[in-house]
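Each remark here refers to the structure printed beneath this line.
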Amino acid sequence: MDKFMLIDGNSIIYRAFFAMQQPMTTSAGLHTNAVYGFTNMLLRVLEEHKPTHVMVAFDAGKITFRHSSYEEYKGGRQKTPPELSEQFPLLKDLLTAFGISHYQLEGYEADDIIGTLSLQAEQKGCEVLVLSGDKDMLQLASEHVRIALTRKGVSEIEQYGPAEVEERYGLTPAQIIDLKGLMGDASDNIPGIPGVGEKTALKLLHQFGTVESVLENTDQLKGKMKEKIETHADDARLSKELATIFREVPFDASWDSMKYEGIQAATAVTALQKLEFKSILQRLNLSDVAAHPDATLDELNADAESHVAPMEDLKVTMLDEQHVSELEAVLNTVDVVHVESHGDNPHHAELVGVLFGTPEEYYFLTPDVLKSDAATAIRSWLADDSIPKQGHDLHRADLVLFWDDIAFAGAAFDIQIAAYLLDPTESGQSLSALASKYGLPVLSEDDSVFGKGAKYKVPEQDVLSQHLARKAATIRQLVPLQRDQLEQNEMTPLFSDLEMPLSRILADMEKQGVAVNTDELRALGKEFEQQISKLVAHIYELAGTEFNLNSPKQLGEILFDRLGLPVKKKTKTGYSTSADVLEELAPYHDVVQYILTYRQLAKLQSTYVEGLLKEIHPKSGKVHTYFRQTITATGRLSSQFPNLQNIPIRLEEGRKLRKVFVPSQQGWSMLSADYSQIELRVLAHISDDAGLKDAFVHDMDIHTKTAMDVFGVAQEQVDSNMRRSAKAVNFGIVYGISDYGLSQNLGITRKEAGDFINQYFDVFQGVRRYMDDIVDEAKQHGYVKTMLERRRYLPEIRSSNFNLRSFAERTAMNTPIQGTAADIIKLAMVHMDRALNEHGLKSRMLLQVHDELVFEVPADELEQMKTLVPQVMQDALELSVPLKADVSYGANWYEAK
DNA sequence: ATTTTCACG
DNA sequence: ACGTACGTGAAAATG
């Protein structure tokens, strides 16, 4: 017998929305929580009831036939929140992908469509199940029509037939209409009789049976109730009419179109991926879906239970020295490598083991075995640049192996880099997180296999090798999925021609390291130390007490409680003692200036002198930073252990630290080249602003030029203050300007800052247009792009929260600029690496500091490098304005300024 | 583990 | 009215 399931789409999606209040969005910022709740419920009921026909009905249009008899019908109702209304089309698309029919008809509500269909189905001899969250539906219950009402959001379902309705209310299904006629329904703005709630209504109906009968027999009632019912008799009749589901909707969908033969797996998976429903996808085996595109989910599930091997069955061979040849024999089929290591700093991390994966089998080698004579061929394979390798964080693998004297080359597809490009803000880039993101079989977190922090322990070898094999299996399955997505996003060149080659270049730079003159560094430390101890004594004396100068809390107590200085700013935990606050306090008390100087020197001492000494590698005597390629939201690199991208330069005291960074060989020089105003040049290109472009084409001083245009004066009339202001505006423009930010920076009022910005935009109209357009673009697509198609998703650009939205808007303005600048210097690095090789130069690229490249150069290459480096940098990418790079060199990084 | 401060582009 | 300039990492104190 046919079994028809009718779903009240509006009712269920509303309930799902309000039940799941935690926000849930796709990376592009579409809200999906209601669709998610709906889908989970749908899959559950389909599984449980196995219907032959399914139809989801929706309301259509704002005006229904009910409005003609009662204009205020559904009046006063809260407007559907936009976070929910944007989910209706998503749900309908998903249903289509599932192969489930949905229907709506102008002028009718979902109730009416369901009422009509349930009647027709029943007359055809079908069993009908109606799914809704609305009690009104109970009026449809009959011998062959059961009503399933959701409870607790949509997580539970309660079924009603006529018997259950009788049991619950003591009424027949038809009397449900009368019930509502008397008690009304606030949510639909159906009046009912004031003062009559469920209790009274039920009592009346048990006594009289129908609304009409109640109204005819008011003489049997007495007191207030009699009065109210008599005065609101018409309301009761109207309410009953409104509550009655119309069961003769002119329906033109065919019976066959509602047939349900299981969810089409292939289209369903695509749709679920689009919605990023990880946990739902996780339950499906994607490789099976790919193999059987025409199958339904049920068929695949049945299939999976019968013969797909569970993860436990991965075939892993642990190879000792005697059996390494087994791997040698299949090396040409190895398609995944995973290097497991322990420790955050890859230059000091311990090699735990290496896993080689072929599609058939996995092989695990301990570090000892890999380093043994027996594994020479394996090591040659690892070192062979012409053999492409796939893995997760191969950059780290390369470094870890390097310090164990094992060469690695040929990284072709790094899924960590791919994941970063696909969404640079996604923090969870662990392999396990990626597995769940893509709905692959669950992979244990490293923390749970190894333990966290001090509890880290390498497990038994069978557990270890099994875990690593699962990682390898995950990598193998991920590669084609990411490859497709990169291709779809037109990011394949960015990935293959820029980021992958760069990852090897970075590893080379890091292995090379930078030599540090430790004697000089220690001498600087001594100098700082002497100044610091004098300052501390002085400060204690002026404060009248000793305290921990490094504690903002204690310092705050001294300054504001003990010395009674005015409080300018507070943090969430107490007084702010940041430098800008202290600057303001300096006139009030002599101690403040000493504290500022102390802060400055203490920073240099702890972070740079002591910090740097700690990072000198015992094996090389150099510092080897670790450039991270998958951290920043904009595409920039970051640098760790130590951070060599924030070595002091702005103040002379700190700048001296650059003297300790020296060439690693006698007679060599440090050479540094930096882009001049790269971000503003990028802005000139992207915004196509005539004035800005003109300024760069003529290589003018951009801040002076800005001052001339904004203040409307000649070059000679620009004083240092005007130039300073113009410079601040230019910075602000790049950051995504706000009047508040500029006012803070320049110490002017917000209004003055705002006027200033307006003047700027009046002159640079192309820039204004760019800022407007890019925010619109971000709102429309949910992401912004750099010139090389690097993306950043900005889900909060559609937020109703002003702060979140404003932040996203500034980010939309800044990211294409900062990100394109990052693209450009990365391109320059790839070109530079090639140029050094092609020219057979011994010079080495050592550091990248966002707009600067640092090299060490032998004396006989100095002349050539002085022209080659800026040339390559300037030609990295062609813009509508020239790029400019300045070069300098000297005996150390300080001299190369 | 989080907060505050400060170094850089 | 809201309360920020964009992007990072490290050290120290403190919860």
Side-chain angles (χ1 to χ4, degrees), chain A residues 344 424-425 452-453 547-556 569-582 595-596 598-612 614-615 625-628 631-651 653-655 657-658 674-679 683 728-746 750 753 757 784 792 799-819 821-822 825 847-853:
Chain A
D344 286 335
T425 53
K452 242 205 306 214
F547 61 100
N548 185 347
L549 251 173
N550 291 323
S551 160
K553 189 173 168 223
Q554 294 183 38
L555 178 61
K569 199 160 87 181
K570 288 199 142 198
T571 67
K572 61 181 107 162
T573 52
Y575 307 119
S576 170
T577 66
S578 61
D580 55 328
V581 171
L582 296 185
I595 293 169
L596 279 164
Y598 167 83
R599 278 258 179 92
Q600 188 199 329
L601 292 167
K603 177 85 178 178
L604 297 178
Q605 185 74 301
S606 67
T607 305
Y608 296 102
V609 176
E610 289 164 7
L612 215 48
K614 272 186 243 166
E615 293 294 346
T625 192
Y626 174 40
F627 285 112
R628 301 206 56 186
I631 296 294
T632 73
T634 55
R636 278 188 173 185
L637 299 177
S638 85
S639 158
Q640 288 180 318
F641 317 127
N643 180 353
L644 292 183
Q645 290 183 319
N646 70 346
I647 302 301
I649 190 165
R650 292 173 190 170
L651 300 171
E653 277 304 294
R655 190 172 193 157
L657 277 157
R658 296 191 167 221
D674 66 317
Y675 280 112
S676 162
Q677 304 295 354
I678 187 167
E679 291 186 338
L683 174 63
V729 174
N730 279 330
F731 268 99
I733 291 295
V734 169
Y735 290 157
I737 200 153
S738 73
D739 49 8
Y740 185 86
L742 184 64
S743 74
Q744 287 295 296
N745 194 288
L746 282 177
R750 231 173 99 168
I757 292 166
V784 290
R792 178 173 180 180
S799 170
S800 51
N801 178 314
F802 176 88
N803 282 326
L804 293 179
R805 190 177 64 246
S806 303
F807 186 75
E809 287 171 359
R810 292 197 297 275
T811 310
M813 302 180 218
N814 169 267
T815 296
I817 302 171
Q818 188 181 123
I825 194 164
L847 298 174
Q848 187 252 47
V849 194
H850 310 308
D851 65 354
E852 173 189 14
L853 294 176

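We name chains A, B, ... by the order of the sequence lines, and we start the count at 1 in each one.
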Reckon A:Ala633 touches a base, only the sugar-phosphate, or nothing at all at heavy-atom distances under 4.0 Å?
sugar-phosphate

Quick one, A:Thr573 and A:Lys553 - any side-chain contact, counting heavy atoms below 4.5 Å?
no

Rounded to the Å, how far apart are A:Phe627 CZ and C:dG9 C1'?
13 Å

Taking the side chain of A:Leu742 as heavy atoms from C-beta outward, which of C:dA5, C:dG9, B:dC6 is closest to it?
C:dA5

Could you tell me how far apart A:Leu853 (CG) and B:dG9 (P) are, to the nearest whole angstrom?
14 Å

Ignoring hydrogens and angles, answer whether the base of C:dG3 and the side-chain atoms of A:Arg750 contain a donor-acceptor pair closer than 3.5 Å.
yes

Counting any heavy atom closer than 4.0 Å, what does A:Gly732 reach on the DNA or RNA strands: base, sugar-phosphate only, or nothing?
base

Side chain of A:Tyr735 - closest among C:dA5, B:dA7, B:dC6:
C:dA5

What I want to check is whether an N or O donor and acceptor connect the side chain of A:Asn646 with the base of B:dA7 at under 3.5 Å.
yes

With a non-hydrogen cut-off below 4.0 angstrom, is A:Val734 in contact with a base, only sugar-phosphate, or nothing?
nothing

Base, sugar-phosphate, or nothing for A:Asn548, non-hydrogen atoms under 4.0 angstrom?
sugar-phosphate

Contact between A:Asp344 and A:Phe641 at the side-chain level, heavy atoms closer than 4.5 Å - yes or no?
yes

Among C:dC2, C:dG7, C:dT8, the nucleotide that comes nearest once only the side chain of A:Ser638 is considered:
C:dT8

Roughly how many Å is it from NZ in A:Lys452 to P in B:dA1, rounded to a whole number?
6 Å

Testing C:dA5, B:dC6, B:dA7 for proximity to the side chain of A:Gln600, the answer is B:dA7

When the distance from NZ of A:Lys603 to P of C:dA13 is rounded to whole Å, what number comes out?
13 Å

Taking atom types as they are modelled, would you say the side chain of A:Gln818 forms a donor-acceptor pair with the base of C:dC6 within the 3.5 Å cutoff?
yes

Reading 5' to 3' and counting Watson-Crick or G-U wobble pairs with both distances under 3.5 Å, write the dot-bracket notation for DNA chain C, | for bases paired outside the strand.
.....|||||||||.

Regarding A:Arg792, tell me which of base, sugar-phosphate or nothing describes its non-hydrogen contacts under 4.0 Å with the strands shown.
sugar-phosphate

Taking the minimum atom-to-atom distance to the side chain of A:Ile649, which one of B:dT4, B:dC8, C:dG9 wins?
B:dC8

Would you indicate which nucleotide in C:dT14, B:dA7, B:dT3 comes nearest to any side-chain atom of A:Ser551?
C:dT14

State which residue, out of A:Leu804, A:Thr811, A:Asn803, fulfils the side-chain contact (heavy atoms from CB on, under 4.5 Å) condition with A:Phe807.
A:Thr811

Using a cut-off of 4.0 Å on non-hydrogen atoms, how would the nucleic acid contact of A:Arg599 be classed: base, sugar-phosphate, or nothing?
sugar-phosphate

Here the distance between atom C1' of C:dT14 and atom CD of A:Gln554, to the nearest Å, is 11 Å

Which of the following nucleotides, B:dG9, C:dA12, B:dA7, is nearest to the side chain of A:Tyr608?
B:dA7

Identify, residue by residue, the members of residues 805-817 of chain A with a heavy atom below 4.0 Å from DNA chain C, and return them in order of residue number, or none.
A:Phe807, A:Arg810, A:Thr811, A:Asn814

Roughly how many Å apart are B:dA7 and C:dG3, using the P atom of each and rounding to a whole number?
28 Å

Indicate the atoms forming the closest heavy-atom contact of A:Gln645 with A:Gln848, along with that distance.
NE2-O, 2.9 Å

What is the separation between atom CG on A:Leu582 and atom C1' on B:dC6, rounded to the nearest whole Å?
12 Å

Per atom distances to the A:Thr632 side chain, the nearest of C:dA12, C:dG7, C:dA5 is C:dG7

For A:Gln640, report the nucleic acid contact type (base, sugar-phosphate, nothing); a contact means any heavy atom under 4.0 Å.
sugar-phosphate

Report the distance from atom CZ of A:Arg628 to atom P of C:dG7, rounded to the nearest whole Å.
18 Å

Classify A:Ser738 by what it touches in the nucleic acid, base, sugar-phosphate, or nothing, heavy-atom distance under 4.0 Å.
base

Students often get this wrong, so: under 4.0 angstrom with heavy atoms, is A:Ala579 touching a base, only sugar-phosphate, or nothing?
sugar-phosphate

Out of B:dC8, C:dA5, B:dT5, minimum distance to the side chain of A:Pro552 belongs to B:dT5

Under 4.0 Å, heavy atoms only, any strand: does A:Asn745 hit a base, just the sugar-phosphate, or nothing?
base

Quick one: label A:Asn643 by what it contacts on the DNA or RNA (base, sugar-phosphate, nothing), any heavy atom closer than 4.0 Å.
sugar-phosphate

Rounded to the nearest Å, what distance is computed from the CD atom of residue A:Glu615 to the C1' atom of nucleotide C:dA11?
12 Å

Using the C1' atom as the reference point in each nucleotide, state the distance between B:dT5 and C:dC2 in Å, no decimals.
26 Å

Of the listed nucleotides C:dA13, C:dT8, C:dG3, the one nearest the side chain of A:Phe802:
C:dG3

